[in-house]
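Proteins get letters first, then strands, A, B, ... in listed order; numbering begins at 1 in each.
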2 protein chains.
Amino acid sequence: MVKTSTLQDVARVAKVSTATVSRTLSNPDVVSESTRRRVSEAVKVTGYRINRAARNLRTQRAHSVLVLLPDLTNPFFSTILEGISRHLSQQGYSMLIASTEQVHASGERLIDYLDDARADGMIVLDGGLDPDVVEMLENAPQAKRILFACEWVDGATFASVRCQNRQGTRAAVNHLFDLGHRNIAHVTGPVGNVLMQARKDAFVDETKKLGLILRPEWLIAGDFSLAAGCLAAQAWIAMHNRPTAVFCASDQLAMGFISELSRHDFKVPKDVSVMGFDDIDLAEQFIPPLTSVRQDRLLIGETAAKMLMARVKTPGDDQLEHAAVIPVSLVTRESTAAPK
Amino acid sequence: MVKTSTLQDVARVAKVSTATVSRTLSNPDVVSESTRRRVSEAVKVTGYRINRAARNLRTQRAHSVLVLLPDLTNPFFSTILEGISRHLSQQGYSMLIASTEQVHASGERLIDYLDDARADGMIVLDGGLDPDVVEMLENAPQAKRILFACEWVDGATFASVRCQNRQGTRAAVNHLFDLGHRNIAHVTGPVGNVLMQARKDAFVDETKKLGLILRPEWLIAGDFSLAAGCLAAQAWIAMHNRPTAVFCASDQLAMGFISELSRHDFKVPKDVSVMGFDDIDLAEQFIPPLTSVRQDRLLIGETAAKMLMARVKTPGDDQLEHAAVIPVSLVTRESTAAPK
DNA sequence: ATAAGTAATGTAATCGATTGCAGAAATACA
DNA sequence: TGTATTTCTGCAATCGATTACATTACTTAT
């Protein structure tokens, strides 16, 4: 370990007590103008840097937050992380990252991160946690410092940040309807996923409300991935009476779908309109550019961080915001058009 | 803060000293079988969890590593992070994430992360640090605990993990040559980037070695992004004597390139062969599936973490591995074919 | 002039785990 | 049995910052 100077060193140089130095740095108003100057000078001279381990021990705060992802390799999360990190670093907090899988594999329990003073709070981006893990988290005394973002757990009482999945789906269906489509299929997300369920339910409701026919086979089971999109396309191709439009529960699905279609010489949107959900970066550059439902991932991240910080900082049960909903918007591009 | 039990509590229950409890947990061999059992029992009873802040303070170790990215939103890094995280968590270390931009914006200095006991080491995935930041890092006493991965800084002496950029480029050029291409263009990365330079130099060398003509305008300046790929495609379209193959310095460039071409009714690989570098997840699903140079990003991450941990753990200047090179491999798909 | 109040600073305990050193107990050896 | 050696355990200092409480030096009011 490299020796850096401590509060003691600064105190010696400034000819004050360590208490005064500490106060000068964390609460300058309570010290006099003259000592404030002397201390600042001494800090500069000694090159003092606070030792966070020491502060963390004394204040019983880790000054960092754990972000839990289902899977680090999923690019969907990167912008959300950016949003989280932006707010945290502004507050002097650090961002720890871990994946559900790895925590599990290492034999640790999730709650340990909070118990052993590694993190003050937790932002969970994974709605698919094991039910017993969820139960443990819910019953933990630190449950208030756990927040779900994007995904959530049905029936659980954690604070959360969510997107308007229902409204987004409604906008998507109406967009297709307005273009003239009457036979619309839906490629869903993975079984058991809350987003998949929310979007699927909204899709069923909205098609019903518009008086559209919805054949059972038009609800094609997928899992948000490119590969599932390809399979869904094969299912679509095999249909006798092909729907003229397909609403996919994610952009990746939509891309896989279109990709597979083009291998079979179908054209989008000429032969079928396809749209996604998320508006990932690539959507705009895809061929054809993808019509999608945009989620402001930066805002999701920032909101999540902000809400969590409020919880971490107020020990009491004050009037804390418990659920934030982030608006979505329809982005119309070239993968959707009127049916022929 | 939620009250968790401490070493003291365990010691009381097990009727031993805190020293013994500590030893039982961190170095079980030195305590007797019987006390080991008593302590384990007491740990279970009390639900003891180590307080990392306390341990970090005492041991002068943060037990965490900072990973510095140029930009959190770039999906290229996610798999590398997975690799890093995998090794770190296995060693009981945590992974902190920050972006160059944000550290800068928050007015902190990079070295502070090491100075203030927040992190024991640093993995930098950004070769584009300001020269004065680089200089400061190099002169810091902790310079040995800084490691560059993927990118690096020319002339600096940091440990690093790199890919075979030269060999990968050579393989790419030879692949195109073997298909029969004699006029090959190169879309480069961003100016000043070390990867861009390495790949460009290798490209120039290899075409020369093969006795190919290389017109100046066939070196098209890009920046690894989709958008730059589009622009490069426009440049290609505008050429009088169009090269029959284009080697892009990244997959994103290649995708942008192909995407723009298709908007102008050119077909890949019929009208021009295009290939990328990186083999990102989407490459396989792109239309057409992209020929690329594969980098094992998981291995890059794991290697980087492993090398850094070795440096963090050995205080001496032992025989530490200083530079690792990760092999790349050519992945042939459908975006390249013989010229017509 | 004295009491009361305010502002600034210092003293020292504290957070919880680790570890050098010393002592006790157990074992080996002569 | 006595001594040397090994094995195990405990005592107490330590890491570096924070903060309750005490103290001192001033101001202001009466």
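Atom-to-atom, CD of Q60(B) to C1' of dT18(C) comes out at 11 Å; the value is rounded to the nearest Å. Atom CZ of R37(A) is separated from atom P of dA8(C) by 14 Å (rounded to the nearest Å). Separating the CG atom of N27(B) from the C1' atom of dT19(C) is a distance of 11 Å, rounded to the nearest angstrom. Distance, L25(A) CG to dT19(D) P: 13 Å, rounded to whole Å. Atom P of nucleotide dT7(D) and atom CD of E33(B) are separated by 16 Å, given to the nearest angstrom. Atom CZ in R118(A) sits about 16 Å away from atom C1' in dA17(C), given to the nearest Å. If you measure from atom CZ of R36(B) to atom C1' of dT9(D), you get 14 Å, rounded to the nearest angstrom. The distance between atom NE2 of H63(B) and atom P of dT18(C), rounded to the nearest whole Å, is 9 Å.
Sorted by first and then second residue, the pairs that involve residues 11-22 of chain A and meet salt bridge (charged side-chain N to carboxylate O under 4.0 Å, His left out), not counting sequence neighbours, are D9(A)-R12(A). Sorted by first and then second residue, the salt bridge (charged side-chain N to carboxylate O under 4.0 Å, His left out) pairs involving residues 126-142 of chain A (not counting sequence neighbours) form an empty list.
Evaluation of the ring-ring contact (aromatic ring centres under 6.0 Å, His included) rule for F158(A) yields F148(A) as partners, not counting sequence neighbours. Every residue was checked against the ring-ring contact (aromatic ring centres under 6.0 Å, His included) condition with F77(A), not counting sequence neighbours, and none meets it. For the side chain to side chain donor-acceptor pair (under 3.5 Å) test, residues two or more places apart in sequence or in another chain that qualify with R49(B) are D112(A). Residues passing the salt bridge (charged side-chain N to carboxylate O under 4.0 Å, His left out) test with E151(A), sequence neighbours excluded: none. Among residues two or more places apart in sequence or in another chain, the ring-ring contact (aromatic ring centres under 6.0 Å, His included) test is passed with H87(A) by none.
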Sequence neighbours excluded and cut-off under 3.5 Å, please list the side-chain donor-acceptor pairs for residues 302-310 of chain B, or say none.
{"unit_1": "T303(B)", "atom_1": "OG1", "unit_2": "L299(B)", "atom_2": "O", "d": "2.6"}

Less than 3.5 Å apart, which donor and acceptor atoms pair up between the side chains of residues 22-31 of chain B and the rest of the protein, not counting sequence neighbours?
{"unit_1": "T24(B)", "atom_1": "OG1", "unit_2": "T20(B)", "atom_2": "O", "d": "2.6"}
{"unit_1": "S26(B)", "atom_1": "OG", "unit_2": "S22(B)", "atom_2": "O", "d": "2.9"}

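Regarding contacts with the backbone of dG10(D), a side-chain N or O of T20(B) is found under 4.0 angstrom from either OP1 or OP2. Side-chain nitrogen and oxygen atoms of T6(A) include none within less than 4.0 Å of the OP1 or OP2 phosphate oxygen of dG16(D). The side chain of T35(A) places no N or O atom within less than 4.0 Å of a non-bridging phosphate oxygen (OP1 or OP2) of dA8(C).
Residue contacts for S32(A): at a heavy-atom cut-off of 4.0 Å it reaches the sugar-phosphate backbone alone, with no base atom in range. V21(A) comes within 4.0 angstrom of no nucleic acid atom, judged by non-hydrogen atoms across all strands.
No donor-acceptor distance shorter than 3.5 angstrom exists from the side chain of R311(A) to the backbone of R145(A), with no hydrogens or angles considered.
A salt bridge does not link R37(B) to E41(B): none of the charged nitrogens lies less than 4.0 Å from a carboxylate oxygen.
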Under a 4.0 Å heavy-atom criterion, the protein footprint on nucleotides 21-28 of chain C, written with B, S and -, is --------
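How far CD1 of I84(B) is from OG1 of T79(B): 11.0 Å, rounded to the nearest 0.5 Å.
Across its full length, the helix from dA1(C)-dT30(D) to dA30(C)-dT1(D) shows an angle of 50° between the axes of its 5 terminal pairs at either end, rounded to 10 degrees.
Non-hydrogen atoms lying under 4.0 Å from DNA chain D are contributed by L57(B), R58(B), all within residues 47-58 of chain B.
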